[in-house]
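Structure first, then comments.
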2 protein chains.
Amino acid sequence: MADMLNERSQQILEAIIEEHIATAQPVGSRAITTRLPTRLSPATVRNVMADLEEQGFLCSPHTSAGRIPTELGYRFYVDTLLQVVRLGQQQQDRIQAEYHWQGLQMSELLHTASKTLSSASSYTGLVMMPRLQKTIFRHIEFVKLSSRQILAVFVTQSGLVQNKLIELDEELTASDLEQISNYLNQEMAGLSIKEMQNRLLAEMAKEKALYDHLLQRALRLSEAALDTDSDGDIIIEGTSCFLEQPEFGDLERMKRVFRAFERKSVLFALLDRGLQNEGVQILIGSETEYSEIAGCSLITAAYSGKRGTLGTLGIIGPSRMPYSKVIPIVGYTASLVSRLLDQESD
Amino acid sequence: MADMLNERSQQILEAIIEEHIATAQPVGSRAITTRLPTRLSPATVRNVMADLEEQGFLCSPHTSAGRIPTELGYRFYVDTLLQVVRLGQQQQDRIQAEYHWQGLQMSELLHTASKTLSSASSYTGLVMMPRLQKTIFRHIEFVKLSSRQILAVFVTQSGLVQNKLIELDEELTASDLEQISNYLNQEMAGLSIKEMQNRLLAEMAKEKALYDHLLQRALRLSEAALDTDSDGDIIIEGTSCFLEQPEFGDLERMKRVFRAFERKSVLFALLDRGLQNEGVQILIGSETEYSEIAGCSLITAAYSGKRGTLGTLGIIGPSRMPYSKVIPIVGYTASLVSRLLDQESD
DNA sequence: CGTTAGCACTCAGACCCTCAGAGTGCTAAC
DNA sequence: GTTAGCACTCTGAGGGTCTGAGTGCTAACG
């Protein structure tokens, strides 16, 4: 792919894309000549631009406007031309300072992450809450609220706390509850929630005919406690950044984007895809495969606790986006969040 | 105030306002004649309209447009002309159905409330989370996560659960923790969090010289647990409804509104004001006293648990809003939420 | 004296035209 | 292969005109 273009064509493509990112305007041959290392006439640049258009890297909104990058153009730029620099120390410090780090709960930490992603990039910050299924069980506690009402509190290895109110159809004494939680804490520690659920189901099947009521209750109770309905929430911050983007001056497009933000399912699917990948993942325009957010790009990276990947975070903005600035921000935030989560679960 | 206008002027004002609410356009004398019970000529209506403008209820964007209501006009309409009907049974049912009621946690309940407010009204739903300070303490539990790390879980009378991670500078055994929580649960049940904090401070002062280490620790631990940083969050749903409103076609105004939504402090102050009032409160335009949301109106109502007011909920939208439809929605939602919260804390 | 018809007046918005500027592609010369 | 020159195209701004909606005023009417 990179071979399709000679050195000079690549330079010109890069210059066009960077100029367009800066100005949001179609770029003419004239403007490019000043940005190039070698002195070239506009006419020469025009020839090259015509070739680039032929090959699908550029297109022109109309005859007498300049050129703008296509999605293929951005993709080539990101894959081949762009060199990502690490984040400067002072910017790292500025981001880190936002997490005035005093025993934050995980959920607050992730809210902060979403906010800093947005403020540092001036695009919209996204953070996927950890998928409980994949986190590691650490501790469970049952709090008796009334005769038939129990609050289950469970904590994951990475410090995420989850509450669940359970209505009982039979009464359990405080010591029953203690026995049950002791059993679970001893037997299940170190399993993922998913594994734990499977184990519970297996035990329940095995013990079906058994007379050990307490065990049965334990199994049923913990099953209820782990039933994770609030799984996979997404924290979105800085949606108003979209209002600043000239390419969304069209209200119709803007509405589509905002509605997608409210439904969240689209963003969830996209962030979920990022779980598999190492490092920073970039989705440009229709690569997202959702027409609601046409013209948008997504930069994501997975964050992790001690025991592996927990979720993804990133930013979403128009495809015309300063990738070289945004990619390090996402990368740094992911590693910072991972580090902070590691600390937390000492 | 109501005496300033005779019967006919009031009818005409009402017709103008309702027409404007329906069309978002300035209303002409001609259009009004068809909406009036008594047959009048446009010329007569014009005379009345001129008077209404004189008195500040109407204004005209320019000479040859019709009239639009001023804030004073809306205020008079809401106070005097509008008769609020109760919500129809089928609409009540439709709203209530959204709360498929199976052991929801309070926070999910309130999220649902915000969503139904938005979807039922097609404006933006707002719900203020209860101010912990004012809720009633019910139960506290300490979960030992590691030697120096404790998770405090406390539950309020109305079923709100709050977690807090506490770092210790000295080690506490499991039985210490149990003693401490027993002490707190016995001594403090039924107090508001605010009262409880005061009580703790008083005890701490009194026992300063004392050698009862356990008590000292109990006091310090619970003080940390109750330190409510996440207090007063606001749940906003359906911001994209603003994009539909023709009066916010102007991007500048739209941006201001969205930024206010992101900062939340403005909305918080407004909802907080609604805590004092009985019934549904209506703030029109500049009555909100925040220029960021100029041209917006806020309809709010307080919701409560068994033991008094917990917080406020409502909707925000353009001042041109079908008050007669929206007010019952807010009122009904507030009472529904109150009822559900009452059930929960049996 | 309140109501109404008639009329002159105003103004926004649609429409059309023109023009300047930016940028292109092509051709021919370097 | 590169560049200068040139004819061509298209957008967007600016300005003029026209229409329709709506007004305020005046005078007549019951």
Side-chain angles (χ1 to χ4, degrees), chain A residues 5-13 15-17 19-20 22-70 73 246-247 249-251, chain B residues 4-13 15-20 22-70 73 246-247 249-251:
Chain A
L5 299 178
N6 60 32
E7 180 75 16
R8 198 179 63 180
S9 303
Q10 294 193 14
Q11 274 177 7
I12 289 176
L13 180 57
I16 291 172
I17 291 180
E19 180 74 11
H20 179 66
T23 64
Q25 298 292 327
V27 182
S29 54
R30 189 75 194 283
I32 286 311
T33 57
T34 63
R35 289 189 66 119
L36 285 176
T38 57
R39 184 112 185 76
L40 281 178
S41 76
T44 312
V45 173
R46 278 204 288 281
N47 290 329
V48 177
M49 283 164 93
D51 294 346
L52 287 170
E53 181 163 357
E54 185 95 9
Q55 291 164 91
F57 295 112
L58 297 177
C59 64
S60 28
H62 57 86
T63 46
S64 78
R67 304 297 210 298
I68 57 177
T70 60
E247 39 267 86
D250 175 18
L251 269 186
Chain B
M4 291 176 61
L5 300 177
N6 59 34
E7 180 75 16
R8 198 178 64 181
S9 303
Q10 294 194 16
Q11 275 176 6
I12 289 176
L13 179 57
I16 292 172
I17 291 180
E18 287 174 359
E19 180 76 10
H20 179 66
T23 64
Q25 300 291 328
V27 181
S29 54
R30 188 74 194 284
I32 285 311
T33 56
T34 65
R35 290 189 62 119
L36 285 176
T38 57
R39 186 112 185 77
L40 280 178
S41 76
T44 311
V45 173
R46 278 204 289 281
N47 290 329
V48 177
M49 284 164 93
D51 294 346
L52 288 169
E53 180 162 359
E54 184 97 8
Q55 290 164 91
F57 296 111
L58 298 176
C59 64
S60 27
H62 57 88
T63 47
S64 79
R67 303 299 211 295
I68 57 177
T70 60
E247 40 266 87
D250 175 17
L251 270 185

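When reading the values below, keep in mind they use all heavy atoms of this one structure, side chains included, and skip hydrogens, waters and symmetry mates. So that the names make sense, note that chain A is the first sequence line, chain B the second, and so on, each numbered from 1.
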Is there a donor-acceptor contact under 3.5 Å from the side chain of A/E19 to the main chain of A/A15?
no
D/dG20, OP1 or OP2 - any side-chain N/O from B/R30 closer than 4.0 Å?
no
Between B/L40 and A/A43, who's closer to the 5' end of DNA chain C by nearest nucleotide?
B/L40
All heavy atoms of B/G66 vs all of B/P61, minimum pair found to be O-CD, 3.4 Å
Here's a test of your reading of the structure: between B/T44 and A/A31, which maps to the more 5' nucleotide of DNA chain C?
B/T44
What's the spacing between B/T44 OG1 and B/R39 CZ if we round to 0.5 Å?
10.5 Å
Separation between CZ of B/R46 and CG of B/D51, rounded to the nearest 0.5 Å
13.5 Å
Spacing between B/I32 atom CD1 and D/dG22 atom P, to the nearest angstrom
11 Å
Rounded off to whole Å, could you give me the CZ-to-P distance for the A/R39 and D/dT3 pair?
9 Å
Could you check how far CG of B/N47 sits from P of D/dA27, rounded to whole Å?
15 Å
CD-CG distance between B/Q11 and B/N6, expressed to the nearest 0.5 angstrom
9.5 Å
The test is side-chain contact (heavy atoms from CB on, under 4.5 Å); show your working for B/L40 and B/V48 and say whether it passes.
CA-CA 11 Å; B/L40 280 178; B/V48 177; over 6 Å; no
Does the structure show a Watson-Crick or G-U wobble partner for C/dT27, both distances under 3.5 Å? Name it, or say none.
D/dA4
Base, sugar-phosphate alone, or nothing: which one does A/S60 contact when heavy atoms must sit under 4.0 Å apart?
nothing
Going 5' to 3' along DNA chain C, between which two nucleotides do contacts with chain A fall, using a heavy-atom cut-off of 4.0 Å?
C/dA22 to C/dG25
Least distance between heavy atoms, B/S60 atom then B/E53 atom:
OG-OE2, 3.3 Å
Could you tell me how far apart A/R46 (CZ) and D/dC8 (P) are, to the nearest whole angstrom?
16 Å
Using atom CG of A/L36 as one end and atom C1' of D/dT3 as the other, report the distance to the nearest whole Å.
15 Å
Should the side chain of A/S64 and the base of D/dC10 be counted as holding a donor-acceptor pair, with the cut-off at 3.5 Å?
yes
Could you state the atom-to-atom distance from CE of B/M49 to P of D/dG22 in whole Å?
9 Å
